[in-house]
Amino acid sequence: MQPLARFVTRRPWLVLIIWLILVALCAPFAARAPARLSADPGSLTHSESATVIERLRDKFGEGHTNTVLLLTEGTLRPNAPAFQTAYTGLLEGLAKVPGVSRVTRYNRQVGYPALSPDGRLTLSLAQIPLRVPGTAALKAIREYLAGWEAGAGKAAPFRVRLTGGQAIANDFTAYAESDTKRSEFAALPLTGVVLLLVFGALVATGLPLLMSVLSITLAMAGLYALTEVAIISTFAQSVITLLGLGAGIDYALLMVNRFREELRREGQPDGARGAAYRTVLTAGRSVAFSGLTVAVAMAALIIPPIAFVRGMGLGGVLVVLLTVLSSVTALPAAFVLLGERVNSPRVLRLAWSQNAGASAAWTAFARRVIARPWLGLLGSSALLLTLAAPALDLKTGYAGAFGLTAGVESRDALRQVQALGAGGLLSSFEVIYDLRGQPFGPGNRGIFRRVSTALEALPGVRAVISPFLNAATLAPLSTVRGGGASLDSLGQLSALARRSLSPDHGWLRLTIIPDHYLRADAIDAYQGRLRSVLNTAGLPYLVGGAPVGEREFTRAIVGATPLAVSIVFAVTFLLFLVAFRSIVIPIKSILMNSLTVGAAYGVVVLVVQKGLLAGPLGIPDDVGVLDSSLPLLLFAVLFGLSMDYEIFLLSRVQEEHLRGRSNDEAIVLAVGRTARIITSAAAIMFIVFSAFIVGRVVINKSIGLGLAAAVLLDATLVRLVLVPSFLKLAGKWNWWLPGWLDRLLPHVEIEH
């Protein structure tokens, strides 16, 4: 750190000019980044659901398997001339929208109801492409509908709402972006108030906020560049904002506090430059080490084989590294130029805002804690384990539209589709049998008829679209543009045959429509019942559709989690082993941080999954599952940020220990000097994270809730009670390290 400290303190103007140039170059790309992000999770290579999509395209000519559901709701019944005129014109125009391949009228569908009993609600379908083209097509549809409604005005006999997989994904993207911006604007002023209470001066208050904006801007520009080569999750923006504000303000708070402390040190050589130099070598080292541990934790998100999740990990690593870089370069350069003016203009003259050293109140508190260490250790652990207990019932999956709050069009429209009895359309299963050179005909017709009949008899199955639908009961399956005349029975059967059999008659297709929209926690059992029947045909088959794809993603993330967690634990252990030259400290840190993560999981499960206090927090009570990526994302962010506080405290304990203090006195002095900064940083993080609870996207609300709860517990109960109690009881074993290992390890000093 010495060469870096010398450079930034001797060339402050050069350092700041470089940062200003970087921000000026990156700002335009940062502003464009949100529009390039996606809620589309992509596809797993060689997965069963992805293979089904390929077979439908290659064998059946079904290139557009992305369905948009259009609901019309009005006072007129469908047989009214005014309704028919408006409805036919709407669909004729819709069929001409770029990206729309087929449009299906409400009265030409099979397998599910498309007209409410009172005739006021109709359901129509439009087929669009998957992935990025699907996003563009849906945008074009919405623009067309907005124009149609504007043209019809008050004379329109009905209003139109959209839902479907693409509509839900697009709403996720739009609301996640707007929620993140709103959270930033809400958090910054409140954060400024806390910083003002801590420092009492406007300049010192503004520096941490400035550093956060700096790192977020550059990280968003980096995210823009990543969108050129991969699908980047819209939630990567939330991760960058959370870490940029939280960690950025944390690190700057630590640096500013140390600089003010160094300025007050008597005999400080070279004035502000010397104080800034010493700040980089002390607090700067802690910041660099803390940032490294957070980056390692965020890198856990890169392990799952899903670009969507990896994008969040890359965004997290990027913003943390940039935050560290700005904290140890731009901030010390500003210190040199500001000098004593960092404490001006003085707005508040509260005792704690003028004290950059130890706190008498926290010192006394630490003495009381270590006087009863068993009470602190067992009491804190019991409370954390109690909070973590609900996490044993954690269920993960894709919440779909129920991952959005009421008032969002795609969610509200799906509610109407469910009331209509057609919710299973968004949970339909596509089954493709490989006939293995035995073309469909009299020889195997009976087998598949029995399979189809058995599937229809399963509980929860509304319909099975197969070659065995009766001509007398078959509603026209063909999809037409604009509402032409109905086909006769022969035409209907011909359309059904084209849909169900590949042109070479070597592949057979069945579509299974559930009688309701399947929540993620019900998919596995439902799919198991289907496969038990499908197996009876004795031929190889593939099962696809949205529910199968969702569960494949969940299994991929859950399957990668043990490896990701193990790697983070191993790397953290090695880093702490080198930094603190102890076997006990790394093990203790991992265990106690895991308790914090477990407690946060428990709180999120209670609120989001089980609905406890969900209403007051604006979280729907019917979500039922946590988003598949949430447990790993929460672990990465929480484990990394918790280590910040761990390092801030332990580095002071180690510093006092190396000065020859007794174990008890080292603990007390360390808590006295760090508790004020830790609690202040935690208050700021709590504000930042809580701001994310107010929004329309449940995963953002879940992240904010979990992080806010964890920070509150970690900075108070864990760091100021549990850790000091353990350190007191461990005594001399805190710093135990075998001699042979001591000789092998490199010497690294972490000062705070």
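As the structure is a prediction and not an experimental result, all values here were calculated from the model.
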Task: Identified salt bridge (Lys or Arg N to Asp or Glu O under 4.0 Å) counterpart of Glu62 within the set Arg55, Arg57, Arg102 - done: Arg102
- [ ] Indicate, with yes or no, if the rings of Trp148 and Tyr87 have centres closer together than 6.0 Å.
- [x] no
Open item on the list: Could you check whether Arg77 makes a cation-pi contact with Phe83, meaning its NZ or CZ is under 6.0 Å from the centre of the six-membered ring and within 45° of the ring axis?
Closed with: no
- [ ] Kindly assign one of parallel, tilted or perpendicular to the pair Phe172 and Tyr398, based on the angle between their ring planes and the thresholds 30° and 60°.
- [x] tilted
- [ ] Quick one: list whatever passes side-chain hydrogen bond (donor to acceptor under 3.5 Å, both in side chains) with Lys395, sequence neighbours left out.
- [x] none
Open item on the list: Please report the interatomic distance CG(Leu223) to CG(Leu37), rounded to the nearest 0.5 Å.
Closed with: 5.5 Å
Task: Salt bridge flag under 4.0 Å for residues Asp412 and Arg415 - done: no
- [ ] Report yes if the side chains of Thr511 and Val464 come closer than 4.5 Å at any heavy-atom pair, otherwise no.
- [x] no
- [ ] For Arg555 and Glu550, indicate whether the former's side chain and the latter's backbone hold a donor-acceptor pair under 3.5 Å.
- [x] no
Task: Set of side chain to side chain contact (heavy atoms under 4.5 Å, CB included) partners for Arg142, sequence neighbours left out - done: Leu138, Leu162, Ala167, Asn170, Asp171, Glu409
- [ ] Would you check if the side chain of Asn66 reaches a backbone N or O of Pro129 as a donor-acceptor pair within less than 3.5 Å?
- [x] yes
Task: Stacked cation flag Arg182 on Phe185, 6.0 angstrom / 45 deg - done: no
Task: Sole residue of Arg519, Lys610, Arg411 in salt bridge (Lys or Arg N to Asp or Glu O under 4.0 Å) with Asp622 - done: Arg411
Open item on the list: Would Tyr517 and Leu414 count as a side-chain contact (heavy atoms from CB on, under 4.5 Å) here? Give the steps.
Closed with: CA-CA 9 Å; Tyr517 180 80; Leu414 179 56; 4.2 Å; yes
- [ ] Assign the ring pair Phe429 / Tyr526 to parallel, tilted or perpendicular, where the plane angle (0 to 90°) is split at 30° and 60°.
- [x] parallel
